[in-house]
Amino acid sequence: MEVGEYLNMASQLLPLELIDKCVGSRIWIIMKNDKEFSGTLLGFDDYVNMVLEDVTEFDYTGAQVKLPKILLNGNNVCMLIPGGEGPAGSS
Amino acid sequence: MENGASSEGKDPSTFLGEIIGAPVTVKLNSGVVYKGELQSVDGYMNIALEKSQEYVSGQLTRSYGDAFIRGNNVLYIAAV
């Protein structure tokens, strides 16, 4: 069995497949710098650029900005938390 | 590859197609915000804006009739 085949067995869920399962639901995004976003995931591409709806942007001061619909650049994305509602929900 | 593109028809490129010509807010990684009419955008997120206004820490600092923004600086593009 080849390595690639082994990694794609039914029990394995590829990282991007996990994100695909999140399409249509709320997601919490933590960026490389001290920025975070939460919103409803409408779609994404192979770079993990994401289209998000009903977005809240959290900066390092704790200030929040509401945005109806955005395309978020995947370049500075660090982590995605399915079902997350931003920093307030977790603390 | 199977991803969000196929299931909802709301992947990044279709979203961009929808908002061409619309008023948008573009935020850069530096925190500077540009508001204007989205003339065009490409796969690098290079952006051409019309009637653009530059906001530094929330304050309107400059206005440009036409502006090109290099894609590597873009944090997000928001439809307003």
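Residue numbers start from 1 in every chain, and the chains themselves are labelled A, B, ... in the order their sequence lines are given, proteins ahead of strands.
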Report yes or no: does A/N73 contribute a side-chain atom to a donor-acceptor pair with the main-chain N or O of B/V74 at less than 3.5 Å?
yes

Measure distances from A/L67 to the heavy atoms of chain B and classify the residue's part below 4.5 Å as side chain, backbone, both or neither.
side chain

Pick one of side chain, backbone, both or neither for A/N76, based on which atoms fall under 4.5 Å of a heavy atom in chain B.
side chain

Looking at B/A78, B/A79, B/G71, B/P12, which has the largest count of heavy-atom pairs under 4.5 Å with chain A?
B/P12

Less than 4.5 Å to any heavy atom of chain B: does that hold for the side chain of A/K35, its backbone, both, or neither?
side chain

State the CG-CD1 distance between A/L41 and A/I29, to the nearest 0.5 angstrom.
7.0 Å

Please classify the contact of B/L16 with chain A as side chain, backbone, both or neither, using a heavy-atom distance under 4.5 Å.
side chain

Just do the side chain to side chain contact (heavy atoms under 4.5 Å, CB included) check on B/K27 and A/I70 with the steps written out, would you?
CA-CA 10 Å; B/K27 189 164 192 170; A/I70 71 169; over 6 Å; no

To the nearest 0.5 Å, how far apart are OH in B/Y34 and CD1 in B/I69?
6.0 Å

Would you name the heavy atoms of A/T61 and A/D59 that are closest together and state the gap between them?
OG1-OD1, 2.5 Å

Nearest 0.5 Å, please: how far is CZ in A/F44 from CG in A/N49?
11.0 Å

Over all heavy atoms of both residues, which pair between A/M50 and A/V77 is shortest? Give the atoms and the distance, please.
CE-CG2, 3.9 Å

Do any of residues 50-67 of chain B have a heavy atom less than 4.5 Å from a heavy atom of chain A, and if so, which, in residue order?
none

Charged N-O contact under 4.0 Å between A/E53 and B/K10:
no

Which bit of A/Y47 comes within less than 4.5 Å of chain B, counting heavy atoms only: side chain, backbone, both or neither?
neither

Rounded at 0.5 Å granularity, tell me how far CG in A/L52 sits from OG1 in A/T40.
8.0 Å

